[in-house]
*Asks:* 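I have a structure here, written as structure tokens, and I will follow up with some questions on it.
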Amino acid sequence: MKMIFRLLLILIISALTFSCAEKKIQSNSEEKADSLLALMTLREKIGQLTLYTSDWDVTGPTMRKGYQNDIKNGDVGAIFNAIGSAYTRQLQELAVENTRLKIPLLFGYDVIHGHRTIFPIPLAESCSWDLELMQRSARIAAEEATAEGLHWTFAPMVDIARDPRWGRVMEGAGEDTYLGSQIAAARVKGFQGENLNDINTMLACVKHFAAYGAAQAGRDYHTVDMSDRVLRETYLPPYKAALDAGAATVMTSFNEIHGEPASGSQYLLTDILRKEWGFDGFVVTDYTSIMEMLYHGVVADTTAAAALAINAGVDMDMQAGFFQDKLEQLVKEGKVSEARINEAAKRILKLKFDLGLFDDPYKYCDTAREKAVVMNEKFLIEAKENAKRSIVLLKNQDKVLPINKNIKTLAVVGPMAHARKDLIGSWSAAGDWKKAVTLLEGIQQTVSPSTKVLYAKGSPLMADSTQYFADAIAKAKQAEAIVLAVGEASWMSGEAASRTNIQLPLIQKKLMEEILKLNKPTVLIVMNGRPLDLSFEDKHFKAILETWFLGTQAGPAIAEVLFGDYNPSGKLTMTFPRSLGQVPIYYSMKNTGRPYESDPNNKYVSKYIDESNYPLYPFGHGLSYTSFSYTKPFLDKTVISPKDTLTVTCTITNIGDRPGEEIVQLYLRDLVGSVTRPIKELKGFKKVNLAVGESKVVSFKVTVEDLKFYTKEMKFSYEPGDFEVFVGGDSNTQNKILFSLKTD
Ligand code: BGC
């Protein structure tokens, strides 16, 4: 007993010492930043507020050539798009050896879904609903990126997105605020690790603040206009969750909101971010977005743009160069206070101290480490695991899947069947597409050696040419089963890749029609970066696998699912519409005053005359090779007070013929509120592994925290009343039970 007590004491003391040491590092950084700031000229401080791209890969116009001179002159504090231990060392030397105060540069990069080892696109990965998995992929990305001289990733992107026309839906975690918030936190923890001073951790940058995902009509960079209620209830929580998880930096968005461009919004950048949320890291703009305020039409010249941005709360100017050009003058004229410049510079310097750059500016430029770390075998194994878990089985009628490994002849057809470049998807950073393993290669590695695999391209991705049809048809005719791989090219999603048509390209549809005529068991594999309108495909194919862009290990991962070595368990994190006309469509809609369900035969209810209200595949949908049954949810009490915790339990049974994993989802509905409430909101999920015939009780805790919303008075609070709690395998579930919250 004494022994245990002593052990406990030691543990407590060491935990306390550790947290004091952590705090000390932080406060030390702060003190050091202050002392350094005291030595700096105004121009040197402004230099810290300036970020330029190097002459590598860019995502927009390069504004300033000769950035090397800017570095030497101390006019730039951070560089992005420069990678590799050797190149970053070269640039770092320019700063450290030429500037008066030897302040090291900060190197940023878009490390979005892996750095060299490419993981599934973030939207795909979110379909795993596996927070640890997502944290691990961000961790690996940071391991590789820091080994290549990088200190700062422009990720995670946490913009809630409900319009599949918008190409950037591929970068986020889908449509849901609750799930999106948890994923945001997991990714931040992955990138930043335990301690920023560690050699393999990097600064995260939560983006794009704010509500970039709500661009009108899904057109990139377009206007955003929404009520404060929607902003706060739906769009802001993931940014907040990322900051609560410790995200060190924030990136503004390109869009306007409430009539103000985000990079000039005091409301967003100061009132919410600093005053309400207490954020103490730094804010960087998105690419040239200070300059873009001229086009938005809120400023008449570059000087006014720089003043608006810095006074609103921007700390670092990405690529516009307006801070560098205008801030000195603005301070002299009294239009910007030196205190504001000091505040911004200090935030940036503090993080440079936290990273350990002042102790050793070349800490991250270690070529031997780079060699040992990048594309390490362990990372490839994890990339495959991640890819398998990201796959969503949309349909599997008559158990077409899995395919028997001993099949005699298998035709592998389609423009994505042996596509390599597209597999790594958009925003694949420094990923080398040549290292990606194609679906055909994955199948060849996995299938039995006696199987004859016949490959045919079938059609181009886009071009209207039938030149490959005959070969594909001939090969498909010889096969017992066909794997038909279709999709979008990777450039069709990502930034500046909005579409007004979310179907597969026409030529691929023609190919599908030809293959369907053969009437053979066919599995359709869809590789894409956004929810598509798959109504045609759903109508005609018995088996459909949504594989998204799965990254370096795409082929082997899909092959494991095709042949049943892995039983798919992914669930959609964005609704798939029946047609573009339904967009925006998401599960947490409002009921309206004339809900369709109240009177389906009535013309005057909220519906379309030419289309159902229901999506093709709802949020949370995803099948398995086995099936699961759910009992009715059981509550430990039916009336709770604000202090209570409600326990909701449900027994899930594997009623199929193979082991499987189910993502059990809990939704709530607040039946009456002082303002209208969504018909369902996700408030919990759990993954459960079940052997054949096995049952497990899954339990969830619900507290008033889960019942809070912005009331009529815009107070984030709860109200007494009745609630429905649903437990099921997707957002369509009607498996529910009622409880009440009493407040007196
Ligand atoms: C994108 C950001 C990205 C930045 C730097 C911009 O065009 O919107 O998400 O981080 O470029 O590459």
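In listed order, ligands and their atoms are each counted from 1.
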*Asks:* Could you tell me whether Asp110 and Lys207 make a salt bridge, using a distance below 4.0 angstrom between a side-chain N and a carboxylate O?
*Replies:* yes
*Asks:* Is there any N or O on Tyr212 that sits under 3.5 Å from an N or O of ligand 1?
*Replies:* no
*Asks:* For Lys207, take its heavy atoms, then give the atoms of ligand 1 lying under 4.0 Å from any of them.
*Replies:* 2 (C), 3 (C), 9 (O), 10 (O)
*Asks:* Only heavy atoms of Phe254, strictly under 4.0 Å: list the atoms of ligand 1 that pass.
*Replies:* 6 (C), 7 (O), 8 (O)
*Asks:* Is there a donor-acceptor contact under 3.5 Å from the side chain of Glu125 to the main chain of Ser390?
*Replies:* no
*Asks:* Should Glu171 be listed as contacting ligand 1, given a heavy-atom distance under 4.0 Å as the test?
*Replies:* no
*Asks:* So is Met157 in contact with ligand 1, going by heavy-atom distances below 4.0 Å?
*Replies:* no
*Asks:* Counting each atom of ligand 1 from 1 as listed, which ones have a heavy atom of Phe80 under 4.0 Å away?
*Replies:* 5 (C), 12 (O)
*Asks:* Check whether Thr146 reaches the backbone of Glu143 with its side chain - one donor and one acceptor, N or O, closer than 3.5 Å.
*Replies:* yes
*Asks:* Using distance alone, determine whether Trp427 and ligand 1 share an N or O pair under 3.5 Å.
*Replies:* no
*Asks:* Report yes or no: is the cationic atom of Arg347 (NZ for Lys, CZ for Arg) closer than 6.0 Å to the six-membered ring centre of Phe282, at no more than 45° off its axis?
*Replies:* no
*Asks:* Are Glu495 and Arg168 close enough for a salt bridge, meaning some N to O gap below 4.0 Å?
*Replies:* yes
*Asks:* Out of Lys346, Arg274, Lys350, which residue meets the salt bridge (charged side-chain N to carboxylate O under 4.0 Å, His left out) rule with Asp315?
*Replies:* Arg274
*Asks:* Please identify which atoms of ligand 1 are closer than 4.0 Å to at least one heavy atom of His208.
*Replies:* 2 (C), 8 (O), 9 (O)
